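These notes are about the structure you will find just below.
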Amino acid sequence: MKSTTIKGSIEGGPFRFLHVPGKLHEIWFILADVMIQFVQHCINPECRAVFEVDEWVYVCARCGELLEIERVSGSAFEATELRRVWTERRASSDERDRSGVWRFREFLPFDDEVEVISLGEGNTQLYDAPRCADYCGLQRLRLKHQGNNPTGSFKDTGMTVAVTQAKKLGMRRVVCASTGNTAASLAAYAARAGMECMIMAPAGQVSAAKLAQALDYGAKVQEIQGNFDTCMRAIRELVHDGSAYLVNSINPFRIEGQKTVAFELAEQLDWRMPDHLVVPGGNLGNSSAFGKGLRELLAAELIDRQPQITVVQAAGAAPFARFYDEHASDLVNEEQPQTLASAIKIGAPVSWKKAWSAVRESSGRVITVSEQEIADAKAMIGRDGIGCEPASATTVAGIRKLVNEDVIKNDESVVAVLTGHLLKDTDYVIKYHEGRLVAPDGTKIKK
Ligand code: F0G
């Protein structure tokens, strides 16, 4: 099992407190009697198999279920001390401190010697959106814009961690299936790490901008007839022979990076979580990561309550919402998912069990919105001077619906997570504003 020596300590805790002269921004805590250890465990309660953190597995080798990274030993963190160290790092010029992911590295499964592959991800704005608030019927609405990451989507926060792990394991080739953003992000981080990158994407269904990014960063893109789910199945077959490292959100290291967005959000809100956190749902890695991040923040007493997590899906690609509505015991895949929000055109979400834990634990919900609602909400986000890609706008559309239904009250605090940048899909934007946007079922979208 990999052991990590903690640097950074907690005054009054089991660590010796040592101040290094000349490094005022950095307090080094010297290991006393505790080593931090991480493992990967199977989320299936009937299996619970445990794997070393550096074992090359994506899913449980015993039962095939998803894995989750867990800290199994090490002293409890002290919330005040952590906040202070994290604040100090913001003024540091160390590459890791400048990353909105690695700044929270006490919660990441690496030691201090690891070679971090970073593009300065995270540190994204939390915007006030007064026009969107009005549109939704809220007094106030804030938008956490993950589209302001280096490659224009939230994927970068997970990719920095997954590619760092790939590099640490000595991988030369990384691969993913993608509706576009994972592809762009992986291609960029692979380029930084000097690795080969191969992507499987559904032919004709990825926006030109996302494809252009992947190509420019040097990835080989293989287009497959079918949809994202077809690509996902194909890529899982491909990595069986061990020739490449799979970096979809099935890989638990992706979730580790993405969970830090919850940390950054908590910090931006002075550690007071909102009543509601609303995220789009596709393959469901993002909602899973928020669930894990919030769980860890609560356990470390960095926050004192959870926001309710609402996952919003496009009505034509909503297997998770159907599972939720029907109180089903298992998720039934959608064979032909359909939506103009191409990023979330997914019928067989791999992380649905983790996302379901996140929704259940937070007393949240899963809802759907129509193509017209997505398009209108997207235009409204633009009118706030912010903008986003279509999948992200499901959040504002969903909030409006929930306020209308009185599930969200007018004076409650609400944060929506925007996942991708406006320029990711300009074809959609222009068609909408010219009144030429047509939904997959042939209905004309009204401007
Ligand atoms: N928003 C955007 C902009 C996305 O690109 C994605 C997923 C999601 C939301 C949904 O997030 O899958 O974690 O529930 N895009 C993946 C991709 C599937 O390949 O880029 P999720």
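For ligands, and for the atoms within them, numbers begin at 1 and follow the listed sequence. Every value quoted in this text rests on a predicted model; they were computed, and no experiment measured them.
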> Do the side chains of M159 and F154 get nearer than 4.5 Å, heavy atoms only?
Replying inline: no

> Identify the closest protein heavy atom to atom 10 (C) of ligand 1: which residue and atom is it, and at what distance?
Replying inline: I344 CG2, 3.5 Å

>> Is it the case that the side chains of T368 and Q313 hold a donor-acceptor pair, with the cut-off being a distance below 3.5 Å and no angle test?
In response: no

>> Please compare F320, F228, F290, F154 and report which has the shortest non-hydrogen distance to atom 6 (C) of ligand 1.
In response: F154

> Any idea which atoms of ligand 1 are less than 4.0 Å away from a heavy-atom of N283?
Replying inline: 12 (O), 14 (O), 21 (P)

> Counting each atom of ligand 1 from 1 as listed, which ones have a heavy atom of G285 under 4.0 Å away?
Replying inline: 13 (O), 14 (O), 21 (P)

>> Give me the residue, atom name and distance of the protein heavy atom closest to atom 13 (O) of ligand 1.
In response: N286 N, 2.8 Å

>> One thing to verify: whether K168 and D111 come together as a salt bridge, which I'm taking to mean a side-chain N less than 4.0 angstrom from a carboxylate O.
In response: no

> Considering distance alone, does some N or O of S178 sit under 3.5 Å from an N or O of ligand 1?
Replying inline: yes

>> Quick one, M200 and V221 - any side-chain contact, counting heavy atoms below 4.5 Å?
In response: no

> For ligand 1, which atoms have a heavy atom of T182 less than 4.0 angstrom away?
Replying inline: 16 (C), 17 (C), 19 (O), 20 (O)

> By number and element, which atoms of ligand 1 are closer than 4.0 Å to a non-hydrogen atom of N181?
Replying inline: 2 (C), 3 (C), 4 (C), 5 (O), 20 (O)

> Taking N or O atoms only and a 3.5 Å limit, does A391 qualify as a polar contact for ligand 1?
Replying inline: no

> Of all the atoms in ligand 1, which lie at a distance below 4.0 Å from a heavy atom belonging to E389?
Replying inline: 3 (C)

>> Tell me which pairs pass salt bridge (Lys or Arg N to Asp or Glu O under 4.0 Å) where either residue lies in residues 376-389, with sequence neighbours left out.
In response: R131-D384, K210-E389

> Are any of the N or O atoms of T419 closer than 3.5 Å to those of ligand 1?
Replying inline: yes

>> Can you name the atoms of ligand 1, numbered from 1 with element, that are less than 4.0 Å from a heavy atom of I346?
In response: 18 (C)

> Sub-3.5 Å donor-acceptor pair from the side chain of D128 to the main-chain atoms of R142, do we have one?
Replying inline: no

>> If we ignore hydrogens and angles and just use 3.5 Å, is the side chain of Q40 paired with the main-chain N or O of E52 as donor and acceptor?
In response: yes

> Is the shortest N/O to N/O distance between K155 and ligand 1 below 3.5 Å?
Replying inline: yes

> Can you tell me the protein heavy atom closest to atom 4 (C) of ligand 1 and the distance?
Replying inline: A343 CB, 3.5 Å

> Rounded to the nearest 0.5 Å, what separation is found between the CD atom of E412 and the CG atom of D275?
Replying inline: 4.5 Å

>> Does R98, at its CZ atom, have more than 12 non-hydrogen atoms belonging to other residues, nucleotides or ligands within less than 6.0 Å?
In response: no

> Which of the atoms of ligand 1 are close to L284, meaning less than 4.0 Å from one of its heavy atoms?
Replying inline: 12 (O), 13 (O), 14 (O), 21 (P)

> With a cut-off of 4.0 Å, which atoms of ligand 1 are near a heavy atom of G281?
Replying inline: 14 (O)

> Around E434, counting heavy atoms of other residues, nucleotides and ligands shown, do more than 12 lie under 6.0 Å from its CD?
Replying inline: yes

